[in-house]
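Residue numbers start from 1 in every chain, and the chains themselves are labelled A, B, ... in the order their sequence lines are given, proteins ahead of strands. Given the structure is predicted, the values throughout are model-derived calculations rather than measurements.
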Amino acid sequence: NAGVTQTPKFQVLKTGQSMTLQCAQDMNHEYMSWYRQDPGMGLRLIHYSVGAGITDQGEVPNGYNVSRSTTEDFPLRLLSAAPSQTSVYFCASSYSKWGARAQETQYFGPGTRLLVL
Amino acid sequence: DAKTTQPPSMDCAEGRAANLPCNHSTISGNEYVYWYRQIHSQGPQYIIHGLKNNETNEMASLIITEDRKSSTLILPHATLRDTAVYYCIVRVQNYGGSQGNLIFGKGTKLSVKP
């Protein structure tokens, strides 16, 4: 298994440009989520999904859109990038949306580093 | 807001045990304590979790006080590769929707020194 993969690894955007951060997992996980991490800070939840066709907002959703058309993919869209969205973005997944497993861990991707000028 | 309090930083000598404390005085009866770590801006990595009993796995041990208001993560023989930010998180195990989300605080930066 490749686990959780994210593309691109690095991206530079100009203010106002749009782009999509890709996230895919090959573990048949139901739950997927997006976090952003700013320097010296912990991770903050942007959006999450408990299954295909179902998404919801996290702590900091403004400026981001998501969709979940398949179990494997959970792209994050920036419609009009702003310098405040300069950050490192992490995607994560876990097996069950209900967390009933004995070890309900989340698996994180390697991150996408985004710079908005 | 994160429901946990951790010291911002700690040092540990290589080969010695690293004991990382976490306070979670408002923890509910159905909330578990989880530990993750993040090495040099990589994605966070799961370490261990527990409810009220002490837990041990190949990476670490988790000691939870009887009143469950605090816990300690123990790395028995710290190595230089254990240098990372360690996050203590409380989370409902059986959840639906937002209750299952991981809420990260700022964590403890552990520096393992030769």
Side-chain angles (χ1 to χ4, degrees), chain A residues 2-6 9-10 21 23 25 27 29-51 54-61 87-114, chain B residues 1-9 20 22 28 30-53 55-60 62 84-110:
Chain A
V4 180
T5 58
Q6 293 184 237
K9 292 184 179 180
F10 304 96
L21 281 63
C23 174
Q25 51 87 13
M27 298 174 281
H29 284 175
E30 292 185 293
Y31 179 96
M32 297 185 73
S33 57
W34 276 102
Y35 292 85
R36 62 175 287 173
Q37 185 173 35
D38 301 312
M41 303 288 289
L43 283 75
R44 292 185 292 170
L45 183 66
I46 305 172
H47 285 284
Y48 65 97
S49 169
V50 297
I54 305 170
T55 64
D56 207 344
Q57 296 180 349
E59 180 185 359
V60 288
S87 190
V88 181
Y89 292 84
F90 291 100
C91 180
S93 73
S94 63
Y95 183 81
S96 168
K97 63 182 179 180
W98 300 115
R101 311 296 175 184
Q103 183 167 303
E104 187 58 48
T105 68
Q106 287 197 21
Y107 298 86
F108 285 80
T112 293
R113 285 153 180 77
L114 177 66
Chain B
D1 290 336
K3 298 182 179 179
T4 62
T5 303
Q6 299 177 253
S9 63
L20 290 87
C22 180
S28 301
N30 63 347
E31 288 183 315
Y32 283 63
V33 179
Y34 282 75
W35 284 84
Y36 280 74
R37 73 179 182 183
Q38 188 175 25
I39 298 174
H40 191 50
S41 297
Q42 297 177 17
Q45 175 190 25
Y46 167 85
I47 302 173
I48 198 168
H49 77 286
L51 182 62
K52 56 183 178 181
N53 298 320
E55 302 289 344
T56 296
N57 63 20
E58 65 278 6
M59 290 182 67
L62 175 61
V85 178
Y86 287 77
Y87 296 99
C88 172
I89 301 166
V90 295
R91 173 176 174 234
V92 176
Q93 176 72 328
N94 297 311
Y95 62 87
S98 64
Q99 287 181 299
N101 295 328
L102 293 175
I103 307 300
F104 288 82
K106 294 186 179 181
T108 296
K109 181 173 174 54
L110 175 68

- [ ] Apply side-chain hydrogen bond (donor to acceptor under 3.5 Å, both in side chains) to B:Gln45 and list each qualifying residue two or more places apart in sequence or on a separate chain.
- [x]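 By the side-chain hydrogen bond (donor to acceptor under 3.5 Å, both in side chains) rule, B:Gln45 matches B:Arg37.
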- [ ] Let me know if A:Leu45 has heavy atoms under 4.5 Å from chain B in its side chain, its backbone, both or neither.
- [x]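 Contact with chain B involves the side chain of A:Leu45 alone.
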Task: Segment of A:Gln37 engaging chain B (4.5 angstrom heavy-atom cut-off) - done: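 Only the side chain of A:Gln37 comes within 4.5 Å of chain B.
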Task: With A:Arg113 via salt bridge (charged side-chain N to carboxylate O under 4.0 Å, His left out) - residues at least two apart - done: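 Scan of A:Arg113 (salt bridge (charged side-chain N to carboxylate O under 4.0 Å, His left out), adjacent residues dropped) gives none.
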Open item on the list: For the CZ atom of A:Phe90 and the CD atom of B:Gln38, what is their distance to the nearest 0.5 Å?
Closed with: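 If I round to the nearest 0.5 Å, the distance is 5.0 Å.
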- [ ] Can you measure from CZ (A:Arg44) to CD1 (B:Ile103) and round to the nearest 0.5 angstrom?
- [x]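 Rounded to the nearest 0.5 Å, the CZ-CD1 separation comes to 11.5 Å.
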- [ ] For the residue pair B:Tyr46 and A:Phe108, establish whether any side-chain heavy-atom pair is separated by less than 4.5 Å.
- [x]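 SC-SC contact between B:Tyr46 and A:Phe108 ruled out.
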Task: B:Phe104 ring center within less than 6.0 Å of A:Tyr35 ring center - done: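 They qualify: ring centres under 6.0 Å apart.
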